[in-house]
Amino acid sequence: MRSLVFSIWVSVGKNVQSTIAALEVLSMGQYSTFKNGGSQVASFTLAGQTTTFNVPDGYASERINDLAYTAWRVVSGFTDDELETWLRDSAGELTDRTSVVFRR
């Protein structure tokens with residue numbers, strides 16, 4: 001997920017509000033997927049700016065929508081500085097994997 005957010009963040013000008021808007025476009029399914037050099041990629045356009053990113057093979061559109069929603073939930077609470085810190089992950093504390101904890 002972090003690599004997706006990074007690709008979008010760089011493409012839209014390195015600010016939170018534009019990143020959130022791009023994730024909202026993705027969550028609405030306003031993107032296209034295609035093969036490029038053997039890799040599956042997705043592409044979308046926001047305010048005249050096209051962003052293309054790699055998608056793991058076999059990802060269905062629902063999975064891309066879920067990934068966009070999860071990223072949106074994380075990013076929507078950040079300031080510009082917090083987002084850049086999260087993307088840098090200099091402490092190595094965060095991962096690209098979603099984990100679930102069940103409590104009783």
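All values below come from the heavy atoms of this structure, side chains included, with hydrogens, waters and symmetry mates left out.
For the pair E82 (side chain) and T79 (backbone), a donor-acceptor distance under 3.5 Å is present. No side-chain donor-acceptor contact under 3.5 Å links R2 to the backbone of A71.
Under the side-chain contact (heavy atoms from CB on, under 4.5 Å) criterion, L67 pairs with M1, L4, Y59, sequence neighbours left out. In this structure, the side-chain contact (heavy atoms from CB on, under 4.5 Å) partners of S43, at least two apart in sequence or on a different chain, are S32, F34, T50, T52. Here D80 pairs with nothing under the side chain to side chain donor-acceptor pair (under 3.5 Å) rule; sequence neighbours left out. Annotation: salt bridge (Lys or Arg N to Asp or Glu O under 4.0 Å) contacts of E84 (sequence neighbours excluded): R88.
Residues V12 and N15 share a closest heavy-atom pair of O-ND2, 3.9 Å. Residues L23 and A68 approach most closely at O-CB, 3.8 Å, considering heavy atoms.
Annotation for F6: atom CZ does not count as buried by contact number, only 12 or fewer foreign heavy atoms lying within 6.0 Å.
Between the CD1 atom in I8 and the CD1 atom in I20 there is a gap of 11.5 Å [rounded to 0.5 Å].
Here the options are V10, V5, L87, the test is side-chain contact (heavy atoms from CB on, under 4.5 Å), and the partner is T19; only V5 passes.
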task: Quick one: do W86 and V74 satisfy side-chain contact (heavy atoms from CB on, under 4.5 Å)? Show the steps, please.
output: CA-CA 10 Å; W86 181 76; V74 170; 4.0 Å; yes
